[in-house]
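Residue numbering restarts at 1 for every chain, and letters A, B, ... go by the order of the sequence lines.
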Number of protein chains: 2
Amino acid sequence: MAAQLPPLQATRVFEAAARHGSFTKAAEELGMTQAAVSYQIKVLEDRIGTPLFLRRPRQVTLTEAGQRLAPAITEAFELIGAAWASARSGAQGMLSISTVQTFASNWLAQRIGSFQMAHPGLAVRFDTSPRFVDFAREEVDLAIRAGNGDWPGLATHLLLRTEFTPMLSPKLAASIGGLKEPTDLLRLPIIDPDDPWWTQWLTEAGASAEGLKGRVRSRMGSQAVEGGAAIAGQGVAMLTPAFFASELADGRLVQPFELLCSDGHAYWLVYPEARRNAPKISAFRSWILAEFAASAEE
Amino acid sequence: MAAQLPPLQATRVFEAAARHGSFTKAAEELGMTQAAVSYQIKVLEDRIGTPLFLRRPRQVTLTEAGQRLAPAITEAFELIGAAWASARSGAQGMLSISTVQTFASNWLAQRIGSFQMAHPGLAVRFDTSPRFVDFAREEVDLAIRAGNGDWPGLATHLLLRTEFTPMLSPKLAASIGGLKEPTDLLRLPIIDPDDPWWTQWLTEAGASAEGLKGRVRSRMGSQAVEGGAAIAGQGVAMLTPAFFASELADGRLVQPFELLCSDGHAYWLVYPEARRNAPKISAFRSWILAEFAASAEE
DNA sequence: CGGTATGCATAAGGACAATTTATCCATATG
DNA sequence: CATATGGATAAATTGTCCTTATGCATACCG
């Protein structure tokens with residue numbers, strides 16, 4: 001289909017030499033030696049079967065054949081150069097993040113603004129899908145996923161262990177005179193009592209999980225929603241403190257007990273190992289790791 | 001000056017792969033293996049920092065970045081291909097011959113027509129200059145020169161030894177009752193008696209060259225001119241028979257004596273060794289050598 | 001009018017990119 | 001479910017491309 005093409009490296013060298021009218025200057029521009037330019041021109045001339053330059057003393061000039069060839073070649077390389085540059089910067093300009101809903105709404109949404117402030121030229125696109133993204137098949141730069149961090153071929157950075165502890169509104173806590181013992185929790189409405197986190201936490205707290213039995217099921221399925229219900233005073237929710245840092249700070253939620261449990265899972269930043277040095281990848285990595293480092297210091 | 005360019009080989013492979021939507025097909029077109037295509041695409045993706053293809057089952061499709069890049073790249077390569085093809089055929093289409101005047105007018109002019117019949121697409125341009133052409137500095141494909149055939153770096157083919165013998169019009173010969181002895185020549189006007197060829201020929205013929213002394217000098221300097229004068233019956237000319245084959249054949253000139261002398265010089269076809277396989281070079285070489293082979297058989 | 005500097009050509013050698021071979025893997029297809 | 005198709009990958013090989021070192025011709029300068 002495509003016409004027979006000349007040796008491309010030689011063509012590139014020819015283009016520069018034609019533009020400069022000098023092998024030495026072309027070599028400078030291309031960052032190679034004059035000998036290499038001379039060699040490549042000869043390669044091209046051998047291939048086309050006719051000289052492209054006349055070797056005049058202290059300068060070279062294009063032959064007729066060279067004159068016919070040069071303008072089109074220059075134009076073609078300008079085209080390639082422009083397309084390459086724009087694709088390259090365009091590619092830098094869009095960051096596609098695949099993330100689980102929970103992390104997006106509980107953590108990212110409130111903070112992504114500061115990343116965008118720091119990188120005004122970089123548009124961020126979210127793709128919140130529950131499936132684990134396949135980087136080979138979907139146009140996604142990086143992902144934030146829950147899991148155990150064992151994904152071969154992918155670079156992973158631990159962001160956040162999914163620790164959890166009961167949380168509720170201060171008003172609801174006051175309604176029963178405050179919470180002294182873990183069992184006090186069972187005197188209040190429990191948001192999503194079927195969540196295994198409740199069983200685990202109560203067990204680790206030394207309380208019986210029996211009290212959960214027979215409760216109304218109100219499976220909400222997302223910390224954001226459950227947290228909202230808790231803030232509204234509708235009950236006690238089992239939440240990850242890191243996701244509700246601001247609510248805890250301003251008193252919309254309180255964490256009555258110190259005990260933090262973990263199911264061993266965590267949120268990870270992941271991306272294809274091979275792309276670790278792409279500017280937008282490393283920009284986002286630096287930012288998010290710094291965010292977590294800062295919150296860990298508090 | 002020129003914008004930073006992508007790796008060109010990889011770009012070429014990308015272009016084919018984008019056009020086919022398949023690495024395997026691209027490999028076929030380019031005459032390489034699928035593995036090589038896969039490798040080159042990866043090189044390009046590493047360089048640009050973002051994937052160019054999505055690897056879907058049994059086919060690959062362009063990512064956004066790939067879609068942005070592909071059309072311009074295809075266009076650029078089409079440009080290069082077209083320019084290359086036309087320069088290549090254009091270069092084939094013009095044959096520049098540097099030749100000495102004598103050979104051009106006495107031999108080539110009458111026969112070049114048959115070469116052009118055989119190669120209708122090939123335009124022939126003559127450059128008749130007395131200097132020996134410098135192939136590096138002038139746009140000349142091949143040359144026909146007199147000399148001893150010792151030109152380093154150039155391919156040479158012996159065309160014709162410069163043999164010579166007296167020739168005259170039959171009418172002039174009849175005017176003195178025919179020529180029996182070489183000395184009979186001296187009873188007729190001699191065209192260019194200063195030419196050393198006369199001295200050499202008369203000497204080798206066993207005649208004294210004394211008879212040349214004191215003759216009117218009519219230096220004409222070119223066999224074509226001297227031959228014309230001889231045909232017109234103005235005198236006896238010392239000519240190269242090979243240059244006057246048709247005149248001898250149709251009786252406009254006669255060669256009264258068998259004796260052929262030679263000064264050791266000859267006409268040679270010469271061209272840069274490196275270009276021996278260029279189509280137009282070998283076409284002309286075949287033709288001219290065949291012409292001489294044919295005339296030698298007669 | 002010679003000496004020097006500039007620019008290109010060439011040969012030999014080496015570095016590294018490109019390619020092939022040989023598998024492997026996933027998935028569409030029959 | 002077996003097979004075929006299409007791509008990825010690792011290791012080894014090949015070959016291009018480039019550099020170093022040098023030579024040569026010519027323009028420029030004192």
Would you mind reading off the distance between [X] atom [atom1] and [N] atom [atom2], rounded to a whole angstrom?
{"X": "A:Q40", "N": "D:dT19", "atom1": "CD", "atom2": "P", "result": "10 Å"}
{"X": "B:E28", "N": "D:dG6", "atom1": "CD", "atom2": "C1'", "result": "12 Å"}
{"X": "A:M32", "N": "D:dT19", "atom1": "CE", "atom2": "P", "result": "7 Å"}
{"X": "A:F135", "N": "D:dG7", "atom1": "CZ", "atom2": "C1'", "result": "19 Å"}
{"X": "A:Y39", "N": "D:dC17", "atom1": "OH", "atom2": "C1'", "result": "6 Å"}
{"X": "B:K42", "N": "D:dA10", "atom1": "NZ", "atom2": "C1'", "result": "12 Å"}

Identify whether the distance between the nearest side-chain nitrogen and carboxylate oxygen of [X] and [Y] falls below 4.0 Å.
{"X": "B:K25", "Y": "B:E29", "value": "no"}
{"X": "B:R19", "Y": "B:E78", "value": "no"}
{"X": "B:E45", "Y": "A:R275", "value": "no"}

- Query: Want to settle it: does B:V13 or A:R137 sit nearer the 5' end of DNA chain C, counting the closest nucleotide to each?
  - Reply: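 Looking at DNA chain C, the more 5' nearest nucleotide goes with B:V13.
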- Query: Can the ring centroids of B:F135 and B:Y271 be said to lie less than 6.0 angstrom from one another?
  - Reply: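 Distance test on ring centres: not under 6.0 Å, no.
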- Item | Short side-chain N/O contact from B:S22 to OP1 or OP2 of D:dG7, under 4.0 Å |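 Yes, because at least one side-chain N or O of B:S22 sits under 4.0 Å from OP1 or OP2 of D:dG7.
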- Message: Please determine whether a side-chain nitrogen or oxygen atom of A:Q9 lies at a distance below 4.0 Å from atom OP1 or OP2 of D:dC18.
- Response: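 Checking A:Q9 against D:dC18: at least one side-chain N or O falls below 4.0 Å of OP1 or OP2.
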- Task: Could you check B:A36 against A:T33 and say which one's nearest nucleotide on DNA chain D is further toward the 5' end?
- Result: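 Final value for this comparison: B:A36.
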- Distance from B:L8 atom CG to A:L8 atom CG, nearest 0.5 Å?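 B:L8 atom CG to A:L8 atom CG measures 5.5 Å (nearest 0.5 Å).
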- Query: Roughly how far, to the nearest 0.5 Å, is CZ of A:F243 from CD of A:E163?
  - Reply: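 Rounded to the nearest 0.5 Å, the CD-CZ separation comes to 11.0 Å.
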- Query: On DNA chain C, which is the earliest and which the latest nucleotide, 5' to 3', with an atom closer than 4.0 Å to a heavy atom of chain A?
  - Reply: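 Listing 5' to 3', DNA chain C meets chain A from C:dT6 to C:dT27.
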- Over 60° means perpendicular and under 30° means parallel, so classify the ring planes of B:F23 and B:F53, tilted if in between.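 Because their plane-to-plane angle is over 60°, the rings of B:F53 and B:F23 count as perpendicular.
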- Using the ring of each side chain (for Trp, its six-membered ring), is A:Y267 parallel, tilted or perpendicular to A:F103, with breaks at 30° and 60°?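 Judged by the thresholds at 30° and 60°, the geometry between A:Y267 and A:F103 is tilted.
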- Task: Looking at every strand, decide which applies to A:T24 at a 4.0 Å heavy-atom threshold: base, sugar-phosphate, or nothing.
- Result: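 Result for A:T24 = sugar-phosphate.
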- Message: Does A:D141 form a side-chain contact (heavy atoms from CB on, under 4.5 Å) with A:I97? I'd like the steps, not just the answer.
- Response: CA-CA 6 Å; A:D141 294 308; A:I97 305 174; over 6 Å; no
- Does anything in residues 43-69 of chain B reach DNA chain C, meaning a heavy atom under 4.0 Å, and if so which residues?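 Residues of residues 43-69 of chain B that come under 4.0 Å of DNA chain C are, in numerical order, B:P57, B:R58.
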